[in-house]
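Before any comments, here is the structure.
Worth knowing before you read on, the calculation uses all heavy atoms, side chains too, and leaves out hydrogens, waters and symmetry mates. Please read these numbers as outputs of a predicted model, since none were measured by experiment.
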Amino acid sequence: MSPDISASSSSSSASPVESAIALLSAARRIVVFSGAGLSKASGIPTYRDSDGLWMNQNALQYSHAEDLQRDPAGFTRFWSRRLSAVENAQPNPGHTALALLQRLRPATRLITQNVDGLLTLAGGLDVLELHGSLRRWRCDHCGNRQGPWPFHRCMRCASRARPDVVMFGEMLNHGVLLDAQAAAQESDVFMVVGSTAIVYPAAELPQMAVAHGSKLITLNMEPLPHLDDAAEVVLRGPSEVLLPQLLAGLGGSPP
């Protein structure tokens, strides 16, 4: 079944996909801001799916940094299972299309809220991981960030390690956020893919881009009322289907 892409576009005579391709073709600096919907086809549930992270009480129980001190064994067990799920996942055609877009248009910046590392695994370059990555661990006790992490412990001080992700109550990496904000402000086209874009401060990025004159494209399974109204093009459908179509329209080889 083909995706429902009967959404709005800036041109009444062109399909939304064609309109998006035209915007991307004319852009010098493209920014793609992705969320959990990009990785759903890789077998990683979105946060709000019935089996998603926020529907799991154990996830909420171990999503604060202080939970490592409260229940070290439970914390390590929970995040180790999440790491195993991520390590077993593979990039889907949406990830691959974005990595190829970056090679086709080298000024493209990839910003993601995902912690699965799949954009980098697909070949994405200098991906701005706003919430960190489960594929990296660190020791907050001594500051060590170099593995290996036998039994999820630090080789330097033997303290328990933790995933290098942003948890509740923690700030985003300041340098990564500044780079993402600069990319948004300098973009000609800003495309939101598979994200509800409601979690701040990341949610400010599309607003910042539009405020600086960037053209907004939204690509999501569900409506985004707070963004769709400001978008030049609204694409409704799975990113693993639509992103390869956009890449093909730009002259790239679909994955």
Side-chain angles (χ1 to χ4, degrees), residues 1-10 14-24 27 30-55 91-99 101 108-116 118-119 122 124 127-131 180 183-184 187 189-210 214-250 255:
M1 181 181 296
S2 61
D4 174 15
I5 56 172
S6 56
S8 62
S9 69
S10 56
S15 73
V17 168
E18 291 170 337
S19 296
I21 291 169
L23 284 178
L24 294 169
I30 300 167
V31 171
V32 182
F33 173 70
S34 60
L38 176 65
S39 293
K40 185 172 182 179
S42 295
I44 300 176
T46 69
Y47 288 96
R48 292 166 181 81
D49 282 344
S50 59
D51 57 346
L53 191 60
W54 300 148
M55 302 301 161
N92 65 58
H95 296 110
T96 307
L98 292 181
L101 171 64
T108 298
R109 297 305 307 271
L110 303 179
I111 305 172
T112 188
Q113 295 172 295
N114 298 338
V115 297
D116 50 46
L118 290 177
L119 267 176
V127 179
L128 294 172
E129 297 171 321
L130 292 174
H131 295 156
S187 66
V189 170
F190 191 99
M191 183 161 59
V192 176
V193 176
S195 173
T196 57
I198 58 175
V199 177
Y200 284 83
E204 293 176 340
L205 295 174
Q207 301 168 7
M208 189 177 293
V210 171
S214 185
K215 304 295 185 182
L216 179 64
I217 299 172
T218 59
L219 191 166
N220 203 49
M221 291 296 295
E222 304 296 333
L224 302 174
H226 61 298
L227 289 180
D228 288 346
D229 288 347
E232 292 286 322
V233 181
V234 176
L235 299 170
R236 193 82 67 234
S239 57
E240 67 272 14
V241 173
L242 292 173
L243 289 175
Q245 290 181 13
L246 297 181
L247 180 74
L250 290 169

*For L250 and L101, run side-chain contact (heavy atoms from CB on, under 4.5 Å): C-alpha distance rounded to whole Å, both residues' side-chain angles, the deciding distance at 0.1 Å, then the answer.*
CA-CA 9 Å; L250 290 169; L101 171 64; 3.7 Å; yes

_Distance, nearest 0.5 Å, that separates CG of L24 from CD1 of I30_ = 4.5 Å

*So, do N220 and V192 sit near enough that their side-chain heavy atoms are less than 4.5 Å apart?*
no

*Can you measure from CD (E129) to CG (L110) and round to the nearest 0.5 angstrom?*
10.5 Å

*Enter the distance from Q207:CD to F190:CZ here, rounded to the nearest 0.5 Å.*
10.0 Å

*Run through T108, V233, L243 and flag the one making a side-chain contact (heavy atoms from CB on, under 4.5 Å) with M191.*
L243

_G237 to L219 - nearest heavy-atom pair and separation_ = O-CD2, 3.7 Å

*Counting only N and O atoms by type, is there a donor-acceptor contact under 3.5 Å from the side chain of H226 to the main-chain atoms of T196?*
yes

*Side chains of L205 and L130 in contact at under 4.5 Å (non-hydrogen atoms)*: yes

*How far apart are the closest heavy atoms of Q113 and G35, and which atoms are they?*
OE1-CA, 3.9 Å

*Under the 3.5 angstrom rule, does the side chain of S42 hit a backbone N or O of I44 as a donor-acceptor pair?*
no

*Measure the NZ-CG distance between K40 and N114 for me, rounded to the nearest 0.5 Å.*
13.5 Å

*Measure from the side-chain N and O atoms of N92 to the backbone N and O of G94, and report whether any donor-acceptor pair falls under 3.5 Å.*
yes

_Flag, side chain of S239 to backbone of V193, donor-acceptor distance under 3.5 Å_ = no

*State whether the side chain of S19 and the backbone N or O of S15 hold a donor-acceptor pair below 3.5 Å, judged by distance alone.*
yes

*Would you find a donor on one side and an acceptor on the other, under 3.5 Å apart, between the side chain of S39 and the backbone of A36?*
no

_Just verifying a value: how many Å separate L247 CG and I21 CD1, rounded to the nearest 0.5 Å?_
9.5 Å

*Looking only at heavy atoms, what is the nearest atom pair of L235 and A20, with distance?*
CD1-CB, 4.2 Å

*Would you call I217 and L246 a side-chain contact if the rule is heavy atoms closer than 4.5 Å?*
no

